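Remarks on the structure that follows.
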Number of protein chains: 2
Amino acid sequence: MTKAKPASGLRSENQPLDAIDSALLRALDAEARLPLSELSRRVGLSAPSVAERIRRMETSGVLTGFTVETDARALGYAIRALVRIRPLPGKMHLVEQLIQEMPAIVECDRITGDDPFLARLVARSVEEMDKALDALSGHAVTSTAVIKGQSVKRRLPPL
Amino acid sequence: MTKAKPASGLRSENQPLDAIDSALLRALDAEARLPLSELSRRVGLSAPSVAERIRRMETSGVLTGFTVETDARALGYAIRALVRIRPLPGKMHLVEQLIQEMPAIVECDRITGDDPFLARLVARSVEEMDKALDALSGHAVTSTAVIKGQSVKRRLPPL
DNA sequence: CATGAAACAACACTAAG
DNA sequence: CTTAGTGTTGTTTCATG
């Protein structure tokens, strides 16, 4: 036996995450396609155990999916912007529908405050951006801030 | 010896993706751990071809990584918020450093406009959120909007 | 009850066409 | 880009502390 790690035995089932789950989550966050065999080496567990832990995190709703990160610029979208959207009176629902149908909007949160929506938008040019936002004219007031860069890349919250 | 392939054997990095690359990207966006064999079935190509296409998209910078999506709520973070941050005069760089060191901030863009930063923050409670933002007090003015929900889940731009 | 070990099936990779 | 051959990986079943 090379590994004498104690694994102090039991792990409560409903507990958010133990140290091993956290390590798995961080490893998968960095490289979601890591094979179970590699993951099992890193955390000192067998592959079936790792597979079961991942499945459990999916079932419990902690891990909601595996996805890819793409570079909008490399896809031809030179402009990324954050747009605050304030629907005109009575147009809240219509505006939300329009937002959902705008392919240029790649993400949108409903938030508290004067502007109910904050959307992330991509465009190949400023002209295309303006044209996309025209879909909302007459229904909402928008405030656009162009993204100049990223100070913090998307990362996991503390585990 | 084989003859060279047609002149277009190599895709330019500025050129849009072809239909197969787009399909692969969409499939991986939905389920990043899909086996190459399954991907190859879906797009009607052999597995090695699919592997090469994915590698090429990574090399060209279109596909920047494979990662997981987690649910902050399931991790115990009941509060998500968007925080606009305006550093006090002369404190721009200090504030950016502080932001990067705050674990509660899971993403932050540098943007045009009055508030140079827009950060996404998670917290287990409003008290914890306020405490996290205290790290910036004296160095920046912040405006916080709590996230009530998502109108558009993160999705790929048109391909 | 969670983990580990061995069996089998599925998969990824390389080479060659 | 495809097909074939080889090694690796994932998964299932079963036994154990």
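Please read all numbers here as calculations on a predicted model, not as lab measurements. In what follows, chains carry the letters A, B, and so on, assigned in the order in which the sequence lines appear, proteins first and then strands, with residues in each chain numbered from 1.
- When the C1' atom of D/dT9 is taken as reference, atom CD of B/Glu38 falls 17 Å away, rounded to whole Å.
- A/Leu45 places its CG atom 11 Å from the P atom of C/dA5, with the value rounded to the nearest Å.
- For A/Arg33 and D/dG10, the shortest distance from a side-chain N or O to OP1 or OP2 is not below 4.0 Å.
- Within the 3.5 Å criterion, the main-chain N or O of A/Ile20 finds a donor-acceptor partner in the side chain of A/Asp18.
- Residue whose closest nucleotide on DNA chain C sits further toward the 5' end, between B/Leu36 and A/Ile20: A/Ile20.
- Remark: A/Arg53 is not in phosphate contact with C/dA2, judged by side-chain N or O atoms under 4.0 Å from OP1 or OP2.
- Among the atoms of the strands shown, base atoms are found under 4.0 Å from some heavy atom of B/Ser46.
- In this structure, CG of B/Leu39 is placed 16 Å from C1' of C/dC13, rounded to the nearest angstrom.
- We find that CD of B/Glu52 is positioned 11 Å from P of D/dT2, with the value rounded to whole Å.
- At the phosphate of C/dA12, neither OP1 nor OP2 sits under 4.0 Å from any side-chain N or O atom of B/Arg55.
- Annotation: side chain of B/Glu52 is not in contact with side chain of B/Leu45 (no heavy-atom distance under 4.5 Å).
- Regarding contacts with the backbone of C/dA2, a side-chain N or O of A/Arg56 is found under 4.0 angstrom from either OP1 or OP2.
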Using residues 73-86 of chain B as the side-chain source, report each donor-acceptor pair under 3.5 Å to any protein atom, sequence neighbours left out, with the distance given to one decimal.
| residue | atom | partner | partner atom | Å |
| --- | --- | --- | --- | --- |
| B/Tyr77 | OH | A/Pro158 | O | 2.6 |
| B/Tyr77 | OH | B/Arg124 | NH2 | 3.2 |
| B/Arg84 | NE | B/Asp115 | OD2 | 2.8 |
| B/Arg86 | NH1 | B/Asp115 | OD1 | 3.0 |

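- Of the candidates C/dA12, D/dT9, C/dT3, D/dT9 carries the atom nearest the A/Ser37 side chain, counting heavy atoms from C-beta on.
- Of the candidates C/dC11, D/dT2, D/dT11, the closest approach to any side-chain atom of B/Pro35 belongs to C/dC11.
- Comparing C/dT3, D/dT9, D/dC1 against the side chain of A/Arg41 picks out D/dT9 as the nearest.
- Side-chain atoms of B/Glu69 and A/Thr67 include no donor-acceptor pair closer than 3.5 Å.
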